[in-house]
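Here is the structure we will look at, set down as structure tokens.
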Amino acid sequence: MKRLIASVLLLCLMASVCLAESKEDALRPQWLVPEYVTQLLDVARGEIGYKEGSHGYSKYGEYWGDGYAQWCAEYLCWCVDQVDKTHGTQLLKNVYPLYSGQNTGMRWFIKEGRWVARNGNLDEWGYQWFKGKDHFITAGEYIPQPGDWVFFSWTSDGNTSHVAMVEYAVQNQDGSITIHCLEGNNPDRVARVAYSTGDKKILGYGTVHDVADWTMRFGNTGKKVTELQEKLVYLGWLSADNVTGHYGVNTQDAITRFQTAYNLKVLGIANIETQTLINRLVDEKRYQDPDAWSVPEEDEDFFE
């Protein structure tokens, strides 16, 4: 028995050492890791090893309202809720979705403007590019950040089948990237799992930060559209009452007129060339706008 206990302790120690070595090799995040992400990862790690009960019962499913439901999304939402309750944050429905149904989480991130498709091509929208860059995102180019959610599909129809949360990423000797995730319902417990960013089962990432822009066209809806409309209003191409978050006839007409005026390819679609020029003109106008440089009265004392 003593030998058995010693062997088990040795294996645990070896596993801890390997894990520590992996974390030491972790890539430095490209963006600041918010405090709430650190808190969320702490909660999620604390659940590692939790195993569902008979007939697939889990406390995460119970939290959602069905103790016997599949619970990968429910596990993540439960963890977010724990951070909200403990730290007084309001992450659910603001930074992360509260959901259970298929595709709901992915669509929520798309509407919020924080989504990066693994292959850089967003269905029903178009190609994506990193903010400030002039090229489209290629397959597997985005390195997921701590706190991002990874969405998977096990089927050819492209519907979401599973979701996990990124803990950290590691660059391998061959240059490839492995992401280490925390996930529930794998297959009956909370566990750490590693995936390659080149894994074709990955549909994309719901991101903590707004890191990418993407093509917009008639029928699209969400924060990206709202931001585009606000810029068009600022430049005088759209009236303020047309800021609706829906890319309709008025937005399409404004983009068409803008493209015509600046000798761009006239598509009525806000592609990378069009958005890059809009952003440059907005920056130039703001730079020349004295109101943009004025100091609010409440901040004047700071400069005295």
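Owing to the predicted nature of the structure, the values given are computational and were not obtained by experimental measurement.
With ring centers used as reference points, Y50 lies 6.0 Å or more from Y75.
For E35, the CD atom sits in a loose shell: 12 or fewer heavy atoms of surrounding residues, nucleotides or ligands are nearer than 6.0 Å.
Under the 4.5 Å side-chain contact rule for hydrophobic residues, W64 and V43 share a cluster. The hydrophobic cluster containing L92 also contains M106, counting ILVMFWY residues as joined when their side-chain heavy atoms lie under 4.5 angstrom apart, directly or transitively. Hydrophobic clustering places L232 together with Y262 (ILVMFWY residues linked when any side-chain heavy atoms are closer than 4.5 Å, directly or through intermediates).
Residues V163 and L76 have side chains in contact (heavy-atom distance under 4.5 Å, counting atoms from C-beta outward). For the pair Y99 and C77, the minimum side-chain heavy-atom distance is below 4.5 Å. Counting heavy atoms from C-beta on, the side chains of I177 and V170 never come closer than 4.5 Å. Within the 4.5 Å cutoff, the side chain of K224 has heavy atoms near those of the M216 side chain. The shortest side-chain heavy-atom distance between S153 and T160 does not fall under the 4.5 Å cut-off. Counting heavy atoms from C-beta outward, P34 and H209 have side chains that approach closer than 4.5 Å. By the 4.5 Å heavy-atom criterion applied to side chains, Y96 and V208 are counted as neighbours. Inter-residue side-chain proximity for C181 and V150 is flagged as met; some heavy-atom pair is nearer than 4.5 Å.
Applying the side-chain contact (heavy atoms from CB on, under 4.5 Å) rule to V266 yields the partners T256, Q259, T260; only residues at least two apart in sequence or on another chain are considered. Residues meeting the side-chain contact (heavy atoms from CB on, under 4.5 Å) test with R280, sequence neighbours left out: L277, E284.
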Practice item. May I have the step-by-step check of ring pair (Phe, Tyr, Trp, His ring centres under 6.0 Å) for W71 and Y60, ending in yes or no? Key: CA-CA 6 Å; W71 48 275; Y60 314 112; 5.2 Å; yes
Exercise for review: Report the C-alpha separation of E167 and R45 in whole Å, then their side-chain angles, then the decisive distance to 0.1 Å, and conclude whether the salt bridge (charged side-chain N to carboxylate O under 4.0 Å, His left out) test is met.
Suggested key: CA-CA 9 Å; E167 187 177 13; R45 291 187 195 102; 2.6 Å; yes
Exercise for review: May I have the step-by-step check of ring pair (Phe, Tyr, Trp, His ring centres under 6.0 Å) for W149 and Y205, ending in yes or no?
Suggested key: CA-CA 6 Å; W149 287 12; Y205 309 94; over 10 Å; no
Check your understanding: Which is it for E74 and S100 under the side-chain hydrogen bond (donor to acceptor under 3.5 Å, both in side chains) test, yes or no, and what are the steps along the way?
Key -> CA-CA 6 Å; E74 289 80 350; S100 177; 2.6 Å; yes
**Study point:** Check against ring pair (Phe, Tyr, Trp, His ring centres under 6.0 Å), W129 and Y127
**Key:** CA-CA 7 Å; W129 58 93; Y127 291 105; 9.5 Å; no
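A donor and an acceptor atom, one from each side chain of N271 and T274, are located under 3.5 Å apart. For the residue pair D157 and N159, a side-chain donor N or O sits within less than 3.5 Å of a side-chain acceptor on the partner. Side-chain atoms of D148 and T207 include no donor-acceptor pair closer than 3.5 Å. A donor-acceptor contact closer than 3.5 angstrom is absent between the side chains of D42 and Q39.
With values rounded to the nearest 0.5 angstrom, S58 atom OG is found 7.5 Å from N185 atom CG. To the nearest 0.5 angstrom, H162 atom NE2 is 10.0 Å from Q70 atom CD. Taken to the nearest 0.5 Å, the NZ atom of K231 stands 14.0 Å off from the NZ atom of K285.
The minimum heavy-atom distance between P146 and V33, with the atom names listed, is CG-CG2, 4.2 Å. For the pair Q128 and A117, the tightest heavy-atom approach, listed with the atom from each and the gap, is OE1-N, 2.8 Å. Summarising the geometry of D210 relative to G113, their closest heavy-atom pair is OD1-O, 3.3 Å, with the distance given to 0.1 Å.
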Can you give the donor-acceptor pairs under 3.5 Å from side chains of residues 130-137 to other protein atoms, not counting sequence neighbours?
from : atom 1 : to   : atom 2 : distance (Å)
K131 : NZ     : D213 : OD1    : 3.0
K131 : NZ     : D213 : OD2    : 3.4
H135 : NE2    : E141 : OE2    : 3.2

Quick one: side chains of residues 241-252, donor-acceptor pairs under 3.5 Å with protein atoms, not counting sequence neighbours, listed by atom name and distance.
from : atom 1 : to   : atom 2 : distance (Å)
D241 : OD1    : S239 : OG     : 2.5
N242 : OD1    : S239 : OG     : 2.8
T244 : OG1    : H246 : N      : 3.1
T244 : OG1    : H246 : O      : 3.3
H246 : ND1    : T221 : OG1    : 3.2
Y247 : OH     : G268 : O      : 2.7
Y247 : OH     : A270 : N      : 3.4
T251 : OG1    : Q229 : NE2    : 2.9

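When atom types are taken as modelled, the side chain of N119 and the backbone of N121 share a donor-acceptor pair closer than 3.5 angstrom. At distances below 3.5 Å, not a single donor-acceptor pair connects side-chain atoms of D84 with backbone N or O atoms of G88. Put simply, the side chain of N220 gets close to the backbone of E124: a donor and an acceptor are under 3.5 Å apart. Panel note: side chain T86, backbone V83; no donor-acceptor pair is recorded below 3.5 Å.
Tested against W115, the residues F109, W214, F151 include a single ring pair (Phe, Tyr, Trp, His ring centres under 6.0 Å) partner, F151.
A cation-pi arrangement, defined by a distance under 6.0 Å to the six-membered ring centre and an angle within 45 degrees of its axis, is absent between K201 and Y195. Both cation-pi conditions hold for R286 and Y234: the charged atom is under 6.0 angstrom from the six-membered ring centre and inside a 45 degree cone around its axis.
In the hydrophobic clustering, L267 connects to I269, either directly or through intervening members, whenever side-chain heavy atoms lie under 4.5 Å apart.
For residues 101-122, the salt bridge (charged side-chain N to carboxylate O under 4.0 Å, His left out) pairs, not counting sequence neighbours, are E112-K223.
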